[in-house]
Amino acid sequence: MTPHFIGVSGLPRAGSTLLCQLLAQHPDLHSEGNSSPLCNALLGMRHTISDDPFFLSQLDTSFDASYGHLTTAMRGFLRGWYQDCGKQAVVDKNRGWLKAMEMLLQLAPEAKLIVCVRELGQVYGSVEAQHQRTILLDFIDHLADYDRLGRADMLFGKDRTIGAPLSDLQGIPDLPLAVQQRLYVLRFEDMMARPAECMAHLYAWLGLAPFQIDPGKLRVGLRESDSHYRMKYTHRQFSCIRAPQQHAIPPRIQQYIENACGWFYDMYYPAKT
């Protein structure tokens, strides 16, 4: 049986690690929890084949057959990644899935994607708090020398850690309705406040049998590497759900974020506007 594909994407510090841990509690799901290279591998395959002169020459004379070879090969690569998991569905976490959603649906038409979001001031606050705990280490993109507002500005840049997935979120309304219906936006705050209710609704949306999680007794999986991110974005798992403390955000930085990302608050946090 070929397992159905479930992607996890969204903002950093928005609960994707916890979500994958909660998904792993369901007996019909295979969820490894760590960020997966599968999306990157498929994108790399597309980039490589698109520059290959032998493949390009075949498109001139036998487009349908050559494009069919490529489709079959990429679909086989995706399916083969989890072929032996023995579960009804697999969960694969990578922030790139939202940008690549239309490609994913070409390869796995049944695929669904869960997109994690969180109030943006708290996303920034979580990153900044971890930086202060590890201040003798620089970020992978060298942000330690900026002041706090400058660091926030850089983090929200369109090619940066927060800004890149934020841009992908902004593009959701441009997707065809059939694609949008394959997306499930999950707010971190809802998952913290009502985990059992949120997961019951999510399991139903995924087409899984009903399953009741116990927020106070969770299985803990393998921990993802944090040194790759210079310890700035941790991925700890716990045996129970513990809501984090609210980060105190300087008013000037909070206002800057809300002004720059008003569309995000309109879409996902309208009570703040």
Side-chain angles (χ1 to χ4, degrees), residues 1-12 16 20 23 29-116 140-141 157-185 206-207 224-225 228-229:
M1 179 182 70
T2 300
H4 289 183
F5 192 90
I6 301 166
V8 171
S9 184
L11 295 172
S16 61
C20 288
L23 290 170
L29 284 181
H30 177 81
S31 176
E32 296 176 358
N34 292 348
S35 296
S36 165
L38 179 57
C39 180
N40 300 344
L42 289 167
L43 292 174
M45 193 179 300
R46 180 168 68 177
H47 295 160
T48 299
I49 199 69
S50 297
D51 291 334
D52 187 276
F54 295 112
F55 182 75
L56 294 177
S57 67
Q58 290 179 2
L59 294 179
D60 290 326
T61 56
S62 55
F63 176 86
D64 290 342
S66 298
Y67 195 80
H69 293 331
L70 177 61
T71 301
T72 302
M74 292 183 69
R75 183 173 293 148
F77 187 87
L78 183 146
R79 296 299 194 191
W81 196 267
Y82 294 108
Q83 183 63 39
D84 299 326
C85 74
K87 300 286 186 176
Q88 177 181 336
V90 298
V91 178
D92 189 278
K93 182 177 74 166
N94 189 301
R95 273 196 277 277
W97 281 128
L98 181 54
K99 187 187 297 292
M101 185 60 181
E102 290 180 283
M103 181 188 75
L104 174 61
L105 289 173
Q106 287 290 315
L107 302 176
E110 86 294 342
K112 293 183 176 181
L113 183 64
I114 308 166
V115 184
C116 299
I140 194 170
D141 44 358
K158 286 194 173 183
D159 60 344
R160 297 288 181 151
T161 305
I162 300 175
L166 196 59
S167 295
D168 298 337
L169 279 163
Q170 191 172 18
I172 287 178
D174 301 327
L175 294 171
L177 182 59
V179 177
Q180 292 186 45
Q181 291 173 340
R182 292 281 172 175
L183 305 176
Y184 187 109
V185 177
L206 293 171
E224 185 169 348
S225 171
H228 172 74
Y229 304 102

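We use all heavy atoms of the structure for the numbers below, so side chains are in, but hydrogens, waters and symmetry mates are not.
With sequence neighbours left out, V179 forms a side chain to side chain contact (heavy atoms under 4.5 Å, CB included) with M101, E102, L105, L175, P176. By the side chain to side chain donor-acceptor pair (under 3.5 Å) test, H4 is found to be paired with no residue, residues two or more places apart in sequence or in another chain being considered. Under the side chain to side chain donor-acceptor pair (under 3.5 Å) criterion, S16 pairs with no residue at all, not counting sequence neighbours.
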Using residues 160-170 as the side-chain source, report each donor-acceptor pair under 3.5 Å to any protein atom, sequence neighbours left out, with the distance given to one decimal.
residue: R160; atom: NH1; partner: D141; partner atom: OD2; Å: 3.3
residue: T161; atom: OG1; partner: Y233; partner atom: OH; Å: 3.4
residue: S167; atom: OG; partner: G163; partner atom: O; Å: 3.1
residue: D168; atom: OD1; partner: K99; partner atom: NZ; Å: 2.8

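The CG atom of D92 sits 9.5 Å away from the OG atom of S31 when rounded to the nearest 0.5 Å. In this structure, CD1 on I114 lies 5.0 Å from CG on L23, to the nearest 0.5 angstrom. Note: H30 NE2 to C85 SG = 5.5 Å, rounded to the nearest 0.5 Å. Note that CG of L29 is 7.0 Å distant from CG of L206, once rounded to the nearest 0.5 Å. Within the model, atoms CG of N94 and CG of N34 stand 12.0 Å from one another, a figure rounded to the nearest 0.5 Å.
Put simply, the side chain of K93 reaches to within 4.5 Å of the side chain of S35, judged on heavy atoms. Residues W97 and V115 have side chains not in contact (no heavy-atom distance under 4.5 Å, counting atoms from C-beta outward). Side chains of R182 and L113 form no contact here, defined as non-hydrogen atoms less than 4.5 Å apart. In this structure the side chain of T2 reaches within 4.5 angstrom of the side chain of Q83, judged on heavy atoms. Within the 4.5 Å cutoff, the side chain of L107 has heavy atoms near those of the R75 side chain. Annotation: side chain of L98 is in contact with side chain of L183 (closest heavy-atom distance under 4.5 Å). Looking at L42 and W81, their side chains never come closer than 4.5 Å, going by heavy atoms from C-beta outward.
When all heavy atoms are compared, the tightest approach of C39 to A100 is SG-CB, 4.2 Å. Between L38 and F5, the closest heavy-atom pair is CD2-CE1, 3.8 Å.
A side chain to side chain donor-acceptor pair (under 3.5 Å) check over residues 103-115, counting only residues at least two apart or in different chains, returns the pairs R79-E110. Applying the ring-ring contact (aromatic ring centres under 6.0 Å, His included) test to every pair with at least one member in residues 36-55, sequence neighbours left out, gives no pairs at all.
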